[in-house]
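Below is one structure; the comments refer to it alone.
No hydrogens, no waters, no symmetry mates; every other heavy atom, side chains included, goes into these values. Every chain is numbered from 1 and lettered A, B, ... according to where its sequence line falls, protein lines coming before strand lines.
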Number of protein chains: 2
Amino acid sequence: MVLFMNDLLLILKAISDKNRLRILSALLSHQELCACQITELLQVAGATASRHLSLMVNAGILKNRKNGRWIYFRINTEDISLDPILKWLTHKLKGSGQVIKDEDALNKILLVSCEDLCRKQRGETTCSKNQTGVNG
Amino acid sequence: MVLFMNDLLLILKAISDKNRLRILSALLSHQELCACQITELLQVAGATASRHLSLMVNAGILKNRKNGRWIYFRINTEDISLDPILKWLTHKLKGSGQVIKDEDALNKILLVSCEDLCRKQRGETTCSKNQTGVNG
DNA sequence: AGTATGTTTGGTTAATTAGCTAATTATATA
DNA sequence: TATATAATTAGCTAATTAACCAAACATACT
C-alpha cells in the first residue's frame with residue numbers, strides 16, 4: 001500500500017522514459033544484467049546508464065548486487081505489489097520493434113565477457129563516435 | 001497490443017505527473033467531470049488543466065464529450081487493455097493523503113453548478129491569488 | 001447578427017531532466 | 001602499497017515540460 005502519491009509517482013516516472021523502459025524490458029527477459037551490459041545496450045555514456053539505474057533502484061523497481069567490481073541489476077521481485085504493472089508492461093511491450101532490436105543486441109552483448117565489454121567502452125569516449133562494436 | 005514503445009510511453013507519461021494522477025484518481029471515483037470542475041480541483045489556470053486533459057485524451061486514457069459549452073471528461077473504458085493498469089493505480093492510490101483531500105474538495109465542488117464555478121473562475125486571474133472559494 | 005462565455009491554442013518563462021565529461025569512490029590485482 | 005578499473009557522483013548544457021497570460025475558437029443566448 002502506498003500512502004504517499006509521491007511514492008507512486010517515483011515508480012511511474014521511473015518507467016516513463018524510453019531508455020528506462022528498455023532497461024526494464026531487458027531485465028524482464030534476462031533476470032540479471034551488469035551495468036556495463038546495460039550501458040552497451042543503450043549506447044549511452046556509462047554515467048548516463050548509471051543515472052537511469054539508480055533512479056529505478058530508488059523507485060524500488062530494481063535491486064542490485066555487487067560482485068567484485070561489477071554490479072548486477074535485476075527486477076525487484078520481492079515487492080509483489082509491482083507484479084501487476086510488470087505483467088501489464090510485459091504484455092504491452094510484446095511485439096515492440098525496439099524490444100525486438102534490443103533482444104537481438106543483448107544476445108550479441110552477452111557473447112562478450114564484461115571484461116571485454118568494459119575494455120571496449122573505456123576505449124570509446126562516448127557512443128556517439130561511431131565505432132564498430134558488439135552492438136554496431 | 002502496442003506495436004510501438006512510443007504509444008506505451010505516451011500512456012506512462014500521461015500518468016506520471018502529480019496533477020494528471022489527481023485527475024485520473026478523481027475520474028476513477030466520479031465517472032465524469034467537467035473541465036471547470038477539474039480546474040477547480042487542481043487549483044490551476046483553466047488553460048493548464050486543459051493541457052493536462054488533452055494530453056491524457058491524446059494518450060488514449062480519457063475520452064471527452066461536449067455538452068453545450070461544457071466538456072465532460074471520463075476514463076476511456078472502451079480500451080480494455082487499460083483495465084489492468086487502472087486497477088493497479090486504483091489500488092496503489094487507495095489511502096493516499098492527496099486522494100483523500102481531493103475527494104473532500106471534489107464533494108464541495110460538486111455542490112456548486114458549473115455556471116457558478118466558471119463565474120468564480122472568471123473572477124480570478126489565477127489560483128495563486130488567494131481568494132475564498134469552494135476549495136479554499 | 002452580436003455578445004457572452006467555456007475551452008483550447010499560441011507564446012513565454014521557469015523548473016526539470018537526460019545527456020555529456022571529469023572527478024571521485026570502491027574493489028581487485030601486481 | 002600502488003595501480004588499474006567498474007561504477008557513481010558532481011557539474012554543466014541542451015531539451016523537455018508545466019505553468020502562466022493573452023488570443024482564438026466554439027457554442028449559447030439576446
Side-chain angles (χ1 to χ4, degrees), chain A residues 6 9-10 12-23 33-40 42-59 62 64-73 112-129, chain B residues 6 9-10 12-23 33-40 42-59 62 64-73 112-129:
Chain A
N6 290 339
L9 279 168
L10 267 186
L12 292 173
K13 282 176 194 288
I15 58 174
S16 59
D17 170 86
K18 183 154 193 171
N19 278 339
R20 291 196 291 271
L21 208 48
R22 291 173 68 195
I23 291 173
L33 290 171
C34 175
C36 68
Q37 294 170 323
I38 289 165
T39 298
E40 189 66 22
L42 299 184
Q43 290 285 294
V44 294
T48 301
S50 176
R51 274 264 149 72
H52 284 305
L53 288 165
S54 75
L55 203 147
M56 296 173 83
V57 169
N58 193 246
L62 301 187
N64 58 14
R65 168 180 77 87
K66 202 171 271 195
N67 186 5
R69 272 177 291 191
W70 283 275
I71 300 185
Y72 289 89
F73 292 85
V112 184
S113 70
C114 282
E115 281 87 347
D116 286 350
L117 210 50
C118 288
R119 189 163 15 250
K120 172 177 170 297
Q121 285 168 5
R122 239 181 304 131
E124 305 167 353
T125 315
T126 174
C127 62
S128 56
K129 295 168 189 159
Chain B
N6 291 339
L9 280 168
L10 267 185
L12 293 172
K13 282 175 194 289
I15 58 175
S16 60
D17 171 88
K18 183 155 194 170
N19 279 339
R20 291 196 291 271
L21 208 49
R22 291 172 68 194
I23 291 173
L33 291 170
C34 174
C36 68
Q37 295 170 323
I38 289 166
T39 298
E40 189 65 21
L42 299 184
Q43 290 285 291
V44 294
T48 302
S50 174
R51 279 259 149 76
H52 284 304
L53 288 165
S54 74
L55 203 147
M56 295 174 83
V57 168
N58 193 246
L62 301 187
N64 57 14
R65 169 180 76 87
K66 204 170 267 193
N67 186 7
R69 271 178 291 191
W70 282 276
I71 301 186
Y72 289 89
F73 292 84
V112 183
S113 69
C114 282
E115 281 87 348
D116 286 350
L117 210 50
C118 288
R119 188 164 14 251
K120 172 176 170 297
Q121 285 169 4
R122 240 182 303 131
E124 307 167 352
T125 315
T126 172
C127 61
S128 56
K129 296 169 187 157

[X] side chain near [N] phosphate (N/O to OP1/OP2, under 4.0 Å):
| X | N | answer |
| --- | --- | --- |
| R20(B) | dA18(D) | yes |
| K66(B) | dA26(D) | no |
| R122(B) | dG6(C) | yes |

Validation: residues 14-21 of chain A side-chain donor-acceptor distances under 3.5 Å, sequence neighbours left out:
residue : atom : partner : partner atom : Å
S16(A)  : OG   : L12(A)  : O            : 3.0
S16(A)  : OG   : K13(A)  : O            : 3.4
S16(A)  : OG   : S16(B)  : OG           : 3.1
D17(A)  : OD2  : N19(A)  : N            : 3.0
D17(A)  : OD2  : R20(A)  : N            : 3.1
N19(A)  : OD1  : R22(A)  : NH1          : 3.3
R20(A)  : NE   : A14(A)  : O            : 3.2
R20(A)  : NH1  : H52(A)  : ND1          : 3.1
R20(A)  : NH2  : K13(A)  : O            : 2.9

Figure out the [atom1]/[atom2] separation between [X] and [N], and round it to whole Å.
| X | N | atom1 | atom2 | result |
| --- | --- | --- | --- | --- |
| L117(B) | dG6(C) | CG | C1' | 11 Å |
| E115(B) | dG6(C) | CD | P | 8 Å |
| L12(B) | dT16(D) | CG | P | 19 Å |
| K18(A) | dT16(D) | NZ | C1' | 16 Å |
| K13(B) | dA18(D) | NZ | C1' | 14 Å |
| I23(B) | dA19(D) | CD1 | C1' | 14 Å |
| L55(B) | dA19(D) | CG | C1' | 14 Å |

Between N19(A) and G68(A), just flag the one whose closest nucleotide in DNA chain C comes earlier from the 5' side.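 On the 5' side of the pair lies N19(A).
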Just so I know, are the side chains of N64(A) and F73(A) near enough to count as touching, which here means a heavy-atom distance under 4.5 Å? yes
Roughly how far, to the nearest 0.5 Å, is the CG atom of L10(A) from the CG atom of N58(A)?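 Going from the CG atom of N58(A) to the CG atom of L10(A) covers 6.0 Å.
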Can you measure from CG (L42(B)) to OG1 (T48(B)) and round to the nearest 0.5 angstrom?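 Nearest 0.5 Å value for the CG-OG1 distance: 9.0 Å.
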Residues that R119(B) engages under salt bridge (Lys or Arg N to Asp or Glu O under 4.0 Å), provided they are two or more places apart: D116(B)
What string of B, S and - do you get for nucleotides 7-15 of chain D, 5' to 3', when a contact is any protein heavy atom under 4.0 Å? SBBBB----
Report yes or no: does Q121(B) contribute a side-chain atom to a donor-acceptor pair with the main-chain N or O of C36(B) at less than 3.5 Å? yes
Give the minimum heavy-atom separation between T39(B) and A49(B), together with the two atoms involved.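 Minimum heavy-atom contact is OG1-CB, 3.3 Å.
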